[in-house]
> 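The structure under discussion is supplied below as structure tokens; questions concerning it will follow.
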Amino acid sequence: MPPAVRLTLPPASASGVGSLPDIAALEAAALTLQTLPGLPYLPELPARGPGADMIGRAFAVLVELYGTLAPSGWRFAEHPGKDTRRAIGYLNEDLDAFEERGQGLAGAVKVQVAGPWTLAGTVELRYGDKALADPGACRDIAASLADGLRGHVADVRKRLPGVDIVVQLDEPLLLAVLRGGVPTASGFGNLAAVEPVVVEQALKSVVDTLAGDGVPVVAHCCAADVPIGLLHRAGFAGIGLDLTYPPADEPMGEYLEDDGVLLAGIVPSRDAALPPVSVGLEPVRRIWDRLGLPAAGLARVLPVTTCGLAGASPPYARAASKRCAESADLLAEWAEA
């Protein structure tokens with residue numbers, strides 16, 4: 001089952017997960033555009049505070065769903081208030097900076113947003129538990145996100161007419177949703193697990209909506225035991241994994257053989273001493289050796305950090321991004337060989 005829309009990038013492409021540490025928006029845009037030209041990404045800068053975080057960014061994209069901050073975290077609101085407006089303001093600030101630094105840009109760029117299941121497992125209903133407890137609310141979130149992303153993509157295309165957009169859905173709670181590991185709002189128990197077919201259908205609805213506009217969608221989950229087969233069936237063009245946790249061989253092999261792209265999380269996302277490039281790529285080499293895949297397929301591997309860089313220092317974020325690009329250069333050499 002091939003992706004709904006294939007992701008095709010130039011040789012030696014690398015990217016990042018999405019978040020960066022506390023630097024100015026213009027500096028963040030320049031960092032991704034200059035260091036990761038194969039697939040630069042619209043940065044997220046959560047250090048600015050509520051509204052710049054992953055969930056706040058999603059509320060800047062959702063259509064007819066609004067958020068407000070309660071003592072327990074994000075909650076759905078009946079009308080857009082100051083918290084939603086702040087989130088929209090941060091998104092526009094980042095888009096303005098990306099537009100200014102990206103004038104004349106051609107090729108692909110990536111934008112990121114929290115996926116429907118992470119939103120459902122995080123945001124509380126106005127009067128009750130988390131949205132994950134309400135199947136109707138979960139469906140509404142997926143539909144709102146799909147529509148909102150279409151508008152978001154159109155905005156980026158208007159600002160940067162020469163680019164192709166790639167959308168990334170961040171789903172750090174995906175495993176918890178599937179396994180009944182999301183705590184209730186009270187914290188005294190866990191919400192029931194969601195059936196895999198329901199999870200898959202919601203993700204596929206977002207992927208298929210964007211496929212109608214020719215937009216490839218990738219999924220990112222930095223947990224262990226990511227359900228690669230489920231994401232494969234949902235039509236994702238790429239899957240981002242933390243390769244500290246080796247993926248299951250059979251679903252990984254099937255996904256790669258169907259032209260899926262691996263966003264390989266091989267560079268630590270927190271300050272660390274970086275090993276030589278070839279050593280950092282060992283997890284990728286081991287996957288290829290175990291599966292017996294042709295070396296040419298390494299051209300469909302994009303080195304990224306293991307997770308977002310929000311918790312790193314600015315100098316390390318620059319070094320880690322550069323290391324992703326260096327890793328992509330070596331992978332391209334291996335693929336040609």
Side-chain angles (χ1 to χ4, degrees), residues 4-5 18-19 41-46 50-69 73-96 98-99 109-126 130-132 134 136-160 163-174 199 201-220 234-237:
V5 178
S19 64
Y41 59 93
L42 176 70
E44 299 170 1
L45 302 169
D53 59 298
M54 179 176 65
I55 303 301
R57 175 56 53 93
F59 274 115
V61 172
L62 291 169
V63 172
E64 296 182 353
L65 289 179
Y66 314 110
T68 186
L69 278 165
W74 283 98
R75 179 176 295 170
F76 285 109
E78 190 171 352
H79 304 289
K82 61 181 177 64
D83 296 321
T84 297
R85 291 193 294 269
R86 184 189 301 117
I88 293 171
Y90 283 138
L91 174 57
N92 286 331
E93 179 184 347
D94 294 340
L95 285 168
D96 289 344
F98 204 71
E99 179 182 6
V109 299
K110 179 166 70 71
V111 299
Q112 308 81 217
V113 68
W117 293 109
T118 292
L119 288 170
T122 303
V123 183
E124 297 177 8
L125 299 170
R126 290 199 293 273
K130 293 177 181 176
L132 188 64
D134 183 337
C138 294
R139 289 191 293 270
D140 289 345
I141 290 170
S144 173
L145 183 62
D147 289 344
L149 281 168
R150 291 190 70 195
H152 186 34
V153 167
D155 187 16
V156 178
R157 283 174 169 165
K158 183 178 179 181
R159 291 167 177 265
L160 297 168
V163 305
D164 299 314
I165 312 298
V166 179
V167 168
Q168 175 178 301
L169 298 185
D170 288 318
E171 285 284 16
L173 291 187
L174 188 59
V199 172
Q201 287 171 350
L203 292 170
K204 191 174 189 303
S205 70
V206 179
V207 170
D208 287 349
T209 296
L210 291 166
D213 294 333
V215 177
V217 185
V218 304
H220 178 262
F236 284 98

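Numbers here are sequence positions counted from 1. Quick caveat, the model's predicted, so the values are computed rather than measured.
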> Output all residues satisfying side chain to side chain contact (heavy atoms under 4.5 Å, CB included) with Ala211, sequence neighbours left out; order by chain, then residue number.
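If we apply the side chain to side chain contact (heavy atoms under 4.5 Å, CB included) test to Ala211, skipping adjacent residues, the hits are Ala4, Val5.
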> Looking only at atom types and distance, does a side-chain atom of Thr68 sit under 3.5 Å from a main-chain N or O of Arg75, one as donor and one as acceptor?
no
> Is a side-chain N or O of Gln112 found less than 3.5 angstrom from the main chain of Leu42, in a donor-acceptor match?
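A pair under 3.5 Å: yes.
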> Indicate yes or no: does Arg86 engage Asp83 in a salt bridge with an N to O separation below 4.0 Å.
yes
> When rounded to the nearest 0.5 angstrom, what is the spacing between CG in Asp213 and CG in Leu210?
6.5 Å
> Test of understanding: with salt bridge (Lys or Arg N to Asp or Glu O under 4.0 Å), list the residues that count as partners of Arg139, not counting sequence neighbours.
none
> Please check if the side chain of Ser205 supplies one atom and the backbone of Ala202 the other of a donor-acceptor pair under 3.5 Å.
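Pair found, side chain donor or acceptor close to backbone of Ala202.
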> Between Asp94 (side chain) and Asn92 (backbone), is there a donor-acceptor pair under 3.5 Å?
no
> Looking only at the aromatic ring of each residue, does the gap between the centers of Phe98 and Tyr41 stay below 6.0 angstrom?
no
> Between Trp117 and Leu173, is a side-chain contact (heavy atoms from CB on, under 4.5 Å) present by the stated rule, with each step listed?
CA-CA 7 Å; Trp117 293 109; Leu173 291 187; over 6 Å; no
> Donor-acceptor pair, Glu171 side chain versus Thr118 backbone, under 3.5 Å?
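Indeed, once roles are kept as given, a pair shorter than 3.5 Å links the two residues.
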> Leu149 vs Leu169, test: side-chain contact (heavy atoms from CB on, under 4.5 Å). Steps then yes/no.
CA-CA 10 Å; Leu149 281 168; Leu169 298 185; 3.9 Å; yes
> Indicate yes or no for a side-chain donor-acceptor contact from Thr84 to the backbone of Gly67 under 3.5 Å, with no hydrogens or angles considered.
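At least one qualifying donor-acceptor pair exists.
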> Can you tell me if CZ on Arg150 sees more than 12 non-hydrogen neighbours from other groups inside 6.0 Å?
no
> Checking Asp170 now: which residues fulfil salt bridge (Lys or Arg N to Asp or Glu O under 4.0 Å) with it, not counting sequence neighbours?
none
> Measure the spacing between CE of Met54 and CG of Leu119 and express it to the nearest 0.5 Å.
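Interatomic distance, Met54 CE to Leu119 CG, rounded to 0.5 Å: 7.5 Å.
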